[in-house]
Enquirer: 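I have a structure here, written as structure tokens, and I will follow up with some questions on it.
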Amino acid sequence: MRMSDKFEKKFGKYAINNLSMVLIICYAFGYLFYWMYPNMLSYLYLNPYEIIFHGQVWRLFTWLVIPPSRFDFFTLLMLYFYYSLGTTLERTWGTYRYNVYIFSGMFFTILGSFLLFAYTLVFMGEGLPIFWETYNTPYSLAPMFSTYYVNMSIYFAFAATYPNMQLLLFFFIPVKIKVLAIIYGALLVFDFITGGVAVKFVIGASLMNFLIFFFSGRGMIHMTPKQAKRRHEFRREVKKTTGATRHKCAICGRTDESNPELEFRFCSKCEGSYEYCQDHLFTHTHIKK
């Protein structure tokens, strides 16, 4: 069993279901703060200088409520778009793996902000306080360390998982999602090259989860649309069957008793009697004796 499977078996029960909706709820609180107490946002940004020198540790968490953009109709469309992508990925990968992907993106964003602080500490000297006080304003660098690029990583992950799925650009131009991902990726590379040091830290840190997942472990979470269709048919078939047999997933350890909402099935490609839940039937590594 791989190390990642061992971690999932131990910590998978703590994964947050429908994490994409949780993020949108956080944004809703952020918009309320923006409308009711706009000056309060300056106390919520991810600012390592304030965390270290003024003990404002809540900033390690409150930056998650900072909305990716101002509220309007197009923002609603964007949030719905990312919610659809996120929920699809969660169903495809499983709740635990999707949680790890999102939270690792958040962790690397926090890490990137502290690395930027360390960089300015070394190279700016006495100008450090001025830089970070300016950084903390809504029109400076602070909003850049937000969930914007984490959301972008969701899009890139979806494009890597379903590269040939078509979207309607401007509601009427059909285009494959991988084409848009390549365009967005090229723009990010351009911003990374031409932007300042802070921009490099923001983009590099926020998208590190995508680089790690899809260049070191892409095979663990990749599922083609054909496999997704097989998974849907499997769920439909299992719902037609009944029985009192106790089922247990060989990866996460969940059973039909502890999680009656799950569906279980034996894998015909594994050598031996190994049964998996719906989240791991198509994503596990086949066992060979």
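Both backbone and side-chain heavy atoms feed into the values below; hydrogens, waters and symmetry mates do not. In this chain, numbering begins with 1 at the start of the sequence shown.
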Enquirer: Just wondering, do Gln56 and Asn47 contact through their side chains at under 4.5 Å, heavy atoms?
Expert: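 Not in contact.
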Enquirer: Any idea which heavy atoms bring Phe201 and Gly112 closest together, and the distance?
Expert: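 For Phe201 versus Gly112, the nearest heavy atoms are CD2-O, 3.8 Å.
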Enquirer: Inspect the contact between Arg254 and Asp279 and indicate whether a charged nitrogen and a carboxylate oxygen are less than 4.0 angstrom apart.
Expert: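 Here Asp279 pairs with Arg254 in a salt bridge, since their nearest N and O are under 4.0 Å apart.
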Enquirer: Classify the ring geometry between Tyr184 and Tyr155 as parallel (under 30°), tilted (30 to 60°) or perpendicular (over 60°).
Expert: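 Plane angle over 60°, so perpendicular.
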Enquirer: I'd like to check Thr95 versus Asn99 (side-chain heavy atoms, cut-off strictly below 4.5 Å). Are they in contact?
Expert: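 In short, these two side chains touch, coming nearer than 4.5 Å.
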Enquirer: For residues Val150 and Ile102, report the shortest heavy-atom separation together with the two atoms involved.
Expert: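 Shortest heavy-atom contact: CG1-O, 4.3 Å.
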Enquirer: From the options Asn18, Leu19, Ile24, select the one residue that forms a side chain to side chain contact (heavy atoms under 4.5 Å, CB included) with Val22.
Expert: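 So, applying the side chain to side chain contact (heavy atoms under 4.5 Å, CB included) to Val22 and each of Asn18, Leu19, Ile24, only Leu19 qualifies.
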Enquirer: What closest approach, in Å, do Ser20 and Gly86 show between heavy atoms, and which atom pair accounts for it?
Expert: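 In this case the closest contact between Ser20 and Gly86 is OG-CA, 3.4 Å.
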Enquirer: I want to check something: taking the side chain as every heavy atom from C-beta on, are Tyr276 and Cys270 in contact at a cut-off of under 4.5 Å?
Expert: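 Yes, their side chains come closer than 4.5 Å.
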Enquirer: With the side chain counted from C-beta on, respond yes when Tyr43 and Glu50 share a heavy-atom pair under 4.5 Å apart, and no when they do not.
Expert: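 No - every pair of side-chain heavy atoms lies 4.5 Å or more apart.
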Enquirer: Are the side chain of Asn209 and the backbone of Ser104 linked by a donor-acceptor contact shorter than 3.5 Å?
Expert: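 Here the side-chain-to-backbone pair does not exist.
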Enquirer: Report yes or no: does Lys200 contribute a side-chain atom to a donor-acceptor pair with the main-chain N or O of Phe192 at less than 3.5 Å?
Expert: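 Judged by distance alone, yes, a pair lies under 3.5 Å.
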Enquirer: For Trp93, run the side chain to side chain contact (heavy atoms under 4.5 Å, CB included) check against Thr161, Thr283, Thr88 and tell me which one passes.
Expert: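 Going through Thr161, Thr283, Thr88 one by one, the side chain to side chain contact (heavy atoms under 4.5 Å, CB included) with Trp93 is satisfied by Thr161 alone.
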Enquirer: Just say parallel, tilted or perpendicular for the rings of His247 and Phe264, cut-offs at 30° and 60°.
Expert: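 Because their plane-to-plane angle is under 30°, the rings of His247 and Phe264 count as parallel.
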Enquirer: Counting only heavy atoms not in Tyr31 (residues, nucleotides, ligands), do more than 12 fall under 6.0 Å from its OH?
Expert: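 For Tyr31, atom OH is crowded (more than 12 foreign heavy atoms under 6.0 Å).
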Enquirer: Locate the shortest heavy-atom distance separating Ala250 from Tyr274; write the atom from each residue and the value.
Expert: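 Of all heavy-atom pairs spanning Ala250 and Tyr274, the closest is CB-CD2, 4.2 Å.
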Enquirer: Does any non-hydrogen side-chain atom of Phe158 lie less than 4.5 Å from one of Ile177?
Expert: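 Side-chain contact under 4.5 Å: yes.
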Enquirer: Please report the shortest heavy-atom distance between Arg59 and Leu46, naming the atom on each side.
Expert: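 Looking at all heavy atoms of both residues, the closest pair is O-CD1, 3.7 Å.
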Enquirer: Verify whether one side chain among Thr92 and Tyr98 offers a donor that lies under 3.5 Å from an acceptor in the other.
Expert: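 Result is no, nothing qualifies.
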Enquirer: Give the intermediate values and the outcome of side chain to side chain contact (heavy atoms under 4.5 Å, CB included) for residues Phe210 and Met152.
Expert: CA-CA 10 Å; Phe210 174 77; Met152 286 296 295; over 6 Å; no
Enquirer: Within this structure, what is the CD1-CD1 distance for the pair Ile203 and Ile193, rounded to the nearest 0.5 Å?
Expert: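 Taking CD1 in Ile203 and CD1 in Ile193, the distance rounds to 10.0 Å.
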Enquirer: With a 4.5 Å limit on heavy-atom distance, are the side chains of Glu275 and Cys249 in contact?
Expert: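 Contact flag for Glu275/Cys249 side chains = no.
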Enquirer: Can you check whether Leu111 reaches Met208 side chain to side chain, under 4.5 Å on heavy atoms?
Expert: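 Side chain of Leu111 against side chain of Met208, heavy atoms only: no contact under 4.5 Å found.
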Enquirer: Any non-hydrogen side-chain atom of Ile16 less than 4.5 Å from a side-chain atom of Phe103?
Expert: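 Yes; the side chains approach each other to less than 4.5 Å.
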Enquirer: Taking all non-hydrogen atoms of both residues into account, name the closest pair between Leu60 and Ile51 and its distance.
Expert: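 Reported closest heavy-atom pair: CD2-CD1, 3.8 Å.
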Enquirer: Extract all donor-acceptor atom pairs below 3.5 Å that involve side chains of residues 75-82 and protein atoms in other chains or at least two apart in sequence.
Expert:
from  : atom 1 : to    : atom 2 : distance (Å)
Thr75 : OG1    : Ser69 : OG     : 3.1
Thr75 : OG1    : Arg70 : O      : 2.6
Thr75 : OG1    : Asp72 : OD1    : 2.8

Enquirer: Drop me the distance from Phe33's CZ to Tyr37's OH, to the nearest 0.5 angstrom.
Expert: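 One gets 9.0 Å once the value is rounded to the nearest 0.5 Å.
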Enquirer: Apply side chain to side chain contact (heavy atoms under 4.5 Å, CB included) to Leu23 and Tyr83, showing your working.
Expert: CA-CA 9 Å; Leu23 294 177; Tyr83 171 77; over 6 Å; no
Enquirer: Would you say Phe156 ends up clustered with Phe190 if hydrophobic residues are merged whenever their side chains have heavy atoms under 4.5 Å apart, either directly or through other cluster members?
Expert: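 No, separate clusters.
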Enquirer: Going by atom types alone, do Thr147 and Tyr27 pair a side-chain donor with an acceptor below 3.5 Å?
Expert: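 Side-chain D/A pair, Thr147 to Tyr27: present.
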Enquirer: Hey, is CZ on Phe114 packed in by over 12 heavy atoms from elsewhere, all under 6.0 Å?
Expert: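 Atom CZ in Phe114 is packed in, count exceeds 12.
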